[in-house]
K.L.:
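I'd like to ask you about the structure that follows.
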Amino acid sequence: MTQELPRIARPDSVEELSELVSRAHRDSRTIAVFGGGTALDDHPPGHTPGLLIDMGGLNQVTEHSPGDLIVVAEAGTTISELNRVADTGDQELLPDFPADRTDSGSTLGGAIATRAVGPRRIGRLPLREVVLGVTVVLADGTIAKAGGKVVKNVAGYDLAKLMTGSWGTLGIITSAALRLYPKPQAQGFVEIPGADSALGAIGSQVAPAAVEIDRSPGEQASTVVMVDGLPESVESRTDTIVDTFPGAAHSVRPSWWSRRAQAPVTIRAAVSPALVPQLVSEVARLEDAIGYPIQLRGSAMGVFDLGIGALDSDPTIATRVVLEHLRSWGQKQLSATVLCAPASVWGNVDAWGDIPGFGLMATIKDRFDPDGLLSPGRGIGGL
């Protein structure tokens with residue numbers, strides 16, 4: 001007698017996961033996956049799944065090659081554990097991950113699926129270029145592997161790149177190989193008032209690792225520049241920043257560094273780096289106009305999270321106004337989408353706006369998951 005498919009499962013092997021997904025596919029049961037649960041509030045909540053899979057049972061680091069600067073681990077391995085393993089070889093993960101999610105138990109599979117990114121993105125390859133290979137379980141239970149150090153290749157597709165930022169809608173990541181990086185010996189921080197110097201800091205010869213901007217509601221923005229490397233180099237370069245930019249001063253790592261604003265709704269705004277000072281000013285003016293607090297935090301490279309509304313208020317109207325205002329700002333280089341919001345907000349605002357390449361995304365989704373069983377509604381544009 002065949003055992004009934006459970007509602008919640010925690011597989012301990014790729015083969016067990018494959019069998020669960022295969023049975024769910026035969027029963028036309030939708031599937032949702034979680035690792036550390038640190039991004040469950042991001043993107044639409046999706047539909048109630050017929051099968052919820054906890055990836056915590058696949059949590060082993062299977063290979064660490066210090067000489068090759070590579071680590072291979074199962075998807076349920078936490079980023080904290082990967083950091084610990086890399087540190088044994090005086091190394092670190094080449095991609096930078098958000099500290100608040102790492103502290104809360106973010107996993108390798110979840111970080112890749114959500115394309116998590118931290119402050120240090122200047123001069124570093126993006127996550128999709130750093131994932132050397134992945135093993136995934138596809139919607140019908142097929143185990144597929146691509147890249148890395150092949151079970152089955154999916155001809156014509158770069159699985160590692162497709163799975164990065166797919167939000168679990170194309171396949172379930174079971175393991176991945178990541179590039180490591182020699183760990184810098186020192187870090188230094190400089191704070192500069194306002195946002196007008198951000199672009200100059202990015203292009204300066206001090207080669208910053210990160211340039212972040214933070215603006216609390218009702219306050220002036222500040223730019224924080226981080227450099228890393230050898231101690232003598234860090235000292236010299238931070239001195240150069242202080243001497244170059246008006247009002248700049250040596251600082252320490254801010255408490256908000258690599259942490260998202262705490263607000264009912266988070267809007268992700270992306271803009272050309274040259275327009276960053278204008279965006280910061282526009283947010284301040286918009287805050288005064290609508291009377292809702294707006295927190296701005298993100299990279300001077302042009303990607304910001306806007307925290308909308310007070311914790312005790314209904315953020316729906318404010319979210320709609322902010323989205324409409326940003327999209328009508330007249331700057332073609334700007335995009336604004338809802339990243340995190342209560343379920344009620346998603347259904348009452350245009351959360352996504354125009355999505356370049358959405359037709360291709362839908363075609364790929366149909367190719368990998370024609371029955372729409374994997375994390376339906378969680379992907380970009382509600383795929």
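FYI, the numbering just counts along the sequence from 1. Source: prediction; values computed, not measured. Both backbone and side-chain heavy atoms feed into the values below; hydrogens, waters and symmetry mates do not.
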K.L.:
How many angstroms lie between OG1 in Thr174 and CG in Leu108, if you round to the nearest 0.5 Å?
P.N.:
10.0 Å
K.L.:
With heavy-atom distances below 4.5 Å as the criterion, would you say the side chains of Arg10 and Met55 are in contact?
P.N.:
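When only atoms from C-beta onward are counted, Met55 and Arg10 do not touch, as no gap falls below 4.5 Å.
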K.L.:
Do Val265 and Pro342 make a side-chain contact, defined as non-hydrogen atoms from C-beta onward lying under 4.5 Å apart?
P.N.:
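They are in side-chain contact.
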K.L.:
Should the pair Arg259-Asp103 be classified as a salt bridge under the 4.0 Å nitrogen-to-oxygen rule?
P.N.:
yes
K.L.:
Does atom CD (Glu16) have a neighbourhood of more than 12 heavy atoms from anything else shown, all under 6.0 Å?
P.N.:
yes
K.L.:
With side chains defined as the heavy atoms from C-beta onward, is the minimum distance between Arg120 and Glu92 less than 4.5 Å?
P.N.:
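Touching, per the 4.5 Å side-chain cut-off.
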K.L.:
Taking the six-membered ring of Tyr181 as reference, does the NZ or CZ atom of Arg124 fall below 6.0 Å from its centre and within a 45° cone about the axis?
P.N.:
yes
K.L.:
Are Gln295 and Asp214 close enough that a side-chain donor and a side-chain acceptor fall under 3.5 Å?
P.N.:
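The answer is yes; a qualifying pair exists.
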K.L.:
Out of curiosity, does Leu339 fall in the hydrophobic cluster containing Val349 (side-chain heavy atoms, cut-off under 4.5 Å, transitive links)?
P.N.:
no
K.L.:
Please round to the nearest 0.5 Å and tell me the distance separating atom CG of Asp354 and atom OG1 of Thr337.
P.N.:
12.0 Å
K.L.:
With a 4.5 Å cut-off on side-chain heavy atoms, are Ser65 and Glu63 touching?
P.N.:
yes
K.L.:
Which word best sums up how the rings of Trp352 and Trp346 line up, parallel for under 30°, tilted for 30 to 60°, or perpendicular for over 60°?
P.N.:
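Answer is tilted, since the angle falls between 30° and 60°.
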K.L.:
Going from CG on Leu93 to CG on Leu127, what distance comes out if it is rounded to the nearest 0.5 angstrom?
P.N.:
10.0 Å
K.L.:
Roughly how far, to the nearest 0.5 Å, is the CD atom of Glu232 from the CD atom of Glu235?
P.N.:
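Answer rounded to 0.5 Å: 9.0 Å.
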K.L.:
Applying the 4.5 Å side-chain criterion to the ILVMFWY set and letting contacts propagate, would Met301 and Phe304 be lumped into a single cluster?
P.N.:
no
K.L.:
Can you measure from CZ (Arg327) to OG (Ser335) and round to the nearest 0.5 angstrom?
P.N.:
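Rounded to the nearest 0.5 Å, the CZ-OG separation comes to 9.0 Å.
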K.L.:
Using a 4.5 Å cut-off on heavy atoms from C-beta on, say whether the side chain of Thr114 contacts that of Arg101.
P.N.:
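The answer is yes; the side chains approach within 4.5 Å.
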K.L.:
In this structure, would Val224 and Val117 fall into the same cluster of hydrophobic residues linked by side-chain contacts under 4.5 Å?
P.N.:
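As far as the 4.5 Å side-chain criterion goes, Val117 and Val224 are not connected within one cluster.
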K.L.:
Would you mind reporting whether Ile172 and Val21 have side-chain heavy atoms less than 4.5 Å apart?
P.N.:
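With C-beta onward as the side chain, the pair touches.
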K.L.:
Hey, are the side chains of Arg179 and Gln91 touching, using non-hydrogen atoms and a 4.5 Å cut-off?
P.N.:
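Arg179 does not reach Gln91 side chain to side chain.
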K.L.:
Starting from the C-alpha separation in whole Å, work towards a yes-or-no answer on side chain to side chain contact (heavy atoms under 4.5 Å, CB included) for Leu286 and Ile294.
P.N.:
CA-CA 9 Å; Leu286 181 58; Ile294 304 177; 4.2 Å; yes
K.L.:
What about Val280 and Leu326, same hydrophobic cluster or not, with Ile/Leu/Val/Met/Phe/Trp/Tyr joined at side-chain heavy-atom distances under 4.5 Å?
P.N.:
yes
K.L.:
Could you work out, with side chain to side chain contact (heavy atoms under 4.5 Å, CB included) as the rule, every residue matching Ala198, not counting sequence neighbours?
P.N.:
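Once residues adjacent in sequence are excluded, the partners of Ala198 under the side chain to side chain contact (heavy atoms under 4.5 Å, CB included) criterion are Val211, Ile213, Thr223, Ala300.
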K.L.:
Check the surroundings of atom CG in Asp239: do more than 12 heavy atoms from other residues, nucleotides or ligands lie under 6.0 Å from it?
P.N.:
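Yes, enclosed.
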K.L.:
Check whether any side-chain heavy atom of Val303 lies under 4.5 Å from a side-chain heavy atom of Arg121, and answer yes or no.
P.N.:
yes
